[in-house]
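Just below is one structure, and these are the notes that go with it.
In what follows, chains are A, B, ... by sequence order, proteins preceding strands, each numbered from 1. Because the structure is predicted, anything quoted here is derived from the model rather than measured. For the numbers below, each heavy atom of this structure counts, side chains included, while hydrogens, waters and symmetry mates do not.
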Amino acid sequence: MDMSIIEMLREALHKVSGFIYPNELELQWSVLIVLYPYITGLVAGAFVLASLERVFDVKAIKPIYRLSLLVALAFLLIAPLPLNVHLGHPERGFEIFLTPHTSSAMAMFGFVYLWYLMVVLLMEVWLDYRKEIVEWSRTETFWPKRLFYKALTLGVDNISPRSLEIDDKIGRILTVVGLPSALLLHGYVGFIFGSIKANPWWSTPLMPVIFIFSAMASGIAGVMLVYMLMCWVRNVKIDMPCLDTIGKFLLTAIIVAFSLEMLESIQTIYEAEEHFDIISLLVEGKLFVSMILIQIIMGSLTPIFLLGLVQMVELSEKARKFFYALSGVLCLIGILAMRWNVVIGGQFFSKSFLGFTTYKMEFAGREGLLSAIVVAILPLLILAALLYLLPPWPKKEEKAASV
Amino acid sequence: MKDVQHLLRVAVIFIAAFAGFLFVRNLLVPESFGKLGHYRADSVDEFAAQPRHYAGEPACKKCHAQQASDKAKSSHKGISCESCHGALLAHAENPKSADNKPRKPKEAEVRAFCGHCHAKSLSRPARFPQIDVTAHNPDAPCSMCHQPHQPK
Amino acid sequence: MKNFSRKDFLKTAAGAAFLMATRAFSSPVQAAEKFFREPPWKRKKPYYGYAVDTTKCIGCARCVEACKTENDVPREKFYFRTWVERYILRRSGEVNVDSPNGGLDGYLPPADPETVTKSFFVPKLCNHCEHSPCVQVCPVGATFLTEDGVVLVDKKYCIGCRYCIQACPYGSRFFNPVTHTADKCTLCYHRIKKGLKPACVEVCPTGTRMFGDLSDPKSAITKFYETENVMVLKPHMGTGAKVVYKGLDKEVR
C-alpha cells in the first residue's frame, strides 16, 4: 500500500464539498491520462497536415510534408507510455493484445494503434525516404549512422525509377488509408470517453468528433511551430506561402473544434438534464480558470481572432509570423487545457451529482507532475533524433544552409 | 521482381512478426481463459475458495443452544449472533482458544453498544424501538433490565 | 494523377461507409431479439439476486463492518464494497446526504431538526448488472458476469487501467491499494457457493438486506421481486441492475 497516496487521500477527505459516493474520493485517471489524448491528438493532426499535400494536392505545404510525418512518428512512439506507466500492473499491459475484449474501446485501440504505427506511419516514412536511405547508406561517413541506414534498407539497395514509382504508388495508397486510420486513432480516444454513459461530462456522441478536430488544430499548430523553430535554428528562410497555408488550415480547424464544443455546451444548457446543476457548478467553479479563461478565451477565441485578422487585413511578413507563432502557442496550451478539463474535470463531480472531490497532483511519484513533464519532453527528444537521422529538408536547402 | 524486392522483405517481416505474436500468445494466455466466457474460468474457483471470517448463524447453535432458543422467541430473533458478537468462524473452529473470543461489551460499554442501534434518531423508521439514551435511565447498563438474548 | 488519388480516396470512404451501414442495419435486428428474451434466471440454476428494503434500515452499518472484515477490505475511509447513505429532506426542498466513513463513523444528528420532513438510510452496493457497463469496457476480460449472475474482478488478470471504475454509474468500484486492481462487492461469492449468506445479509439486524436464488420460484427473494413495488437505481441507464430497492425515494441518487 502506497502510504503517500493514502496520506494524500486522508487530507483530500476534508476538502470534499457536498456529497460524493465514498469510493469517489480518489481520482482514477491522473495527469498522465490527460497527456495521452493530447499526444495522440498531435499525431493525428500532424498526419492530416501531411495528407493534405499527398491526397488533396495542396502543393503549398509540400515543404513540411516530411516534417509532419516525423512529428507524427515521434509522438506516436511515446503515446502508449503514459498509459502503461499509469496502469496498476504495467507488467500485465500486454494482456490487451493477448485477450482483447472486443466490446472495449480501450482494447480495440491497442490494435488501431499498432495498425497505424506499423502499417501506415512507419511504412509511409520508410517508403518516402527509401531513396535517400539507400544513398546515405552508401555515402555516410559516421559508421553507426551508416549501419543504421544499412539496416533500414533491409539489404535491398535498388532505387531504380521503376521501384521508386512503385514506392510512390504504395505510399499514396497508404496515405489514403492512413487518413481514416489517423481519424480512427484519435476518434477512438474520444469514443473511450464519449461512450461512458455513467459520466455526463463525457457521454456525448460528439466526443470523438470534438477530439478529432481539436487534435487537428493542435497537430497543425505543433508542426507549424516546429517548422518555424527549425528554420530559425538552421538559419533558413521560412517558406511564407507554406506558412500562410498552414495558418489557414489552423484557423479552420480551431473554428470547427470550437463550434463543436460550443454546440455541445449550448445543447447541455438547453436540455438541462438532471446533471445540469452540478455541471454548471463545475464550470463556474473548479474549471473556471482552466476552461473559460484558458481553453475558451485564451486557447480558442484569441487564436481565431488573430488568425482571422491575418486573413482579413494585409499584414507584413514579420507581423504574420508573430501572429502565427502566438496563435500556435495559445492553441497548444488551450487544447492541453481542454484535455485537462475533459479528463480531470469529469472526475471532479460525484456521480450522485451532489458534490465534488479534489485533485492534488503530486510532484514526484509515478503519476506526478515530474512524470508528466518527462513524458511530454520525450517525444521532442525523439523528434530531434529523427531530424538528425532522417533530415526532412529539401536537398537545395541543405546546400544553401551549409554555404 | 527486382523492383519490389524491398516490399517483399517488408511483407516477410510482417508475416514473421505476426507468426511470432501468435506463438507468444499461445504461451502466455492462461489455460482456462475463454472456457466460460471472455475471462479466466479458474478465477471463479479461486473466488469460491477464498477464506471466510464469518461462520453464519447455524454454526453457533451447536454449542450455544440455550441462547439460540431464547433469541428465537424474542424480538431479536432476526439478528444473527455475529451481528453483535463479531466474526466467529475462528472461534467456532477452535472454541477453546483464547485468541478468538466473541466480542462482548463490558458493563461500561453496554449503553453505547445497545445505543448503536437503539438510540433515537429521526432517520430511523418510526416503528423501530428506539429511546433517548440521555433520558432513559442514563446511569444504568441496558442489560440490567433488558436481557440481550431475550430483550422483550 | 490528381484525379486518381481523389477518386481513390472517395472509393475507400464509400466502401467503409457501406460496411458501417450494413452493421447499423443488423444491430437493431439483434437488439430486437434481446428485447423479448426472458431473464437469465429462468434459464440458469442457481442465479443470485439481492434486494434492499429501505423502509427497515436503521443505519447501524453492521453490514459495512462485516463486509470489511469478511473480505479484508482496506480499512481506510475511501474504499468500500458496501456503504450506507443517510438522506435528510427538508421543508425548503434542500437535500442533505452523508455517509461518514461509509456509515461506520455513525451519523451526527442533523442541524435544525424541525425543518426535516423525511429522513432515511439507503444501503448501497454493487448492483451486479445484467448489462453491466463495467464488464463492457474492461479491455482484457478481467471483470465478468458469472453464469450464476455475479460480477467479479479477476485480481490476477486485472491490469489496473481503472476504466471499469469510471464506467460504473453507482460508484460501487474502487482501486484496491494493496492488489493494485479494481475491486468491488463479490456478493461474498466464497460464502454463497457454500450455501451461506453474504456477510452483509448475515449481520443485518432488521432484515433490510435480502439475498437468494432467483431461479427458485419459491424463494423469498423471488417472491420479493414478484410481489413488492421495487425500483433499481438509475433505471434510465439501462444497466439491468439486479439489486432491487423497496421504498426508494425520488431523491435517492
Can you tell me which portion of [X] sits under 4.5 Å from chain B's heavy atoms? Options are side chain, backbone, both or neither.
X: Val135(C); value: neither
X: Asn71(C); value: both
X: Cys188(C); value: neither
X: Thr186(C); value: side chain
X: Pro113(C); value: both
X: Ile192(C); value: neither
X: Cys138(C); value: neither
X: Val150(C); value: neither

Fill in: Rounded distance [0.5 Å steps], CG in Leu122(B) versus OG1 in Thr117(C)
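Rounded to the nearest 0.5 Å, the CG-OG1 separation comes out at 10.0 Å.
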Discussion item. Once rounded to the nearest 0.5 Å, what's the spacing between atom OG of Ser43(B) and atom OH of Tyr157(C)?
Written reply: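 Interatomic distance, Ser43(B) OG to Tyr157(C) OH, rounded to 0.5 Å: 11.5 Å.
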Could you report the tightest heavy-atom contact between [X] and [Y], atom names first, then the distance?
X: Lys156(C); Y: Glu46(B); answer: NZ-OE2, 3.3 Å
X: Ala48(B); Y: Lys193(C); answer: CB-CG, 4.2 Å
X: Pro125(B); Y: Cys57(C); answer: CD-O, 3.4 Å
X: Phe144(C); Y: Val44(B); answer: CE1-CG2, 3.8 Å

Which atoms of [X] come close to chain C, meaning under 4.5 Å heavy atom to heavy atom: side chain ones, backbone ones, both, or neither?
X: Ala119(B); value: neither
X: Phe128(B); value: side chain
X: Pro51(B); value: backbone

State whether the number of non-hydrogen atoms from other residues, nucleotides or ligands found under 6.0 Å of [X] atom [atom1] is greater than 12.
X: Lys44(C); atom1: NZ; result: yes
X: Lys77(B); atom1: NZ; result: no
X: Lys155(C); atom1: NZ; result: no

For the candidates [options], which exhibits the highest count of non-hydrogen atom pairs separated by less than 4.5 Å from chain B?
options: Asp154(C), Ile58(C), Thr206(C); value: Ile58(C)
options: Ile88(C), Val116(C), Val140(C); value: Val140(C)
options: Gly59(C), Ala66(C), Gly207(C), Cys63(C); value: Ala66(C)

Discussion item. Using 30° and 60° as the class boundaries, would you call the ring planes of Phe47(B) and Tyr189(C) parallel, tilted or perpendicular?
Written reply: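 Rings of Phe47(B) and Tyr189(C): perpendicular, as their planes differ by over 60°.
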Worksheet item: How about Arg62(C) and His116(B): do any of their side-chain heavy atoms sit closer than 4.5 Å?
Response: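 Yes, at least one pair of side-chain atoms sits under 4.5 Å.
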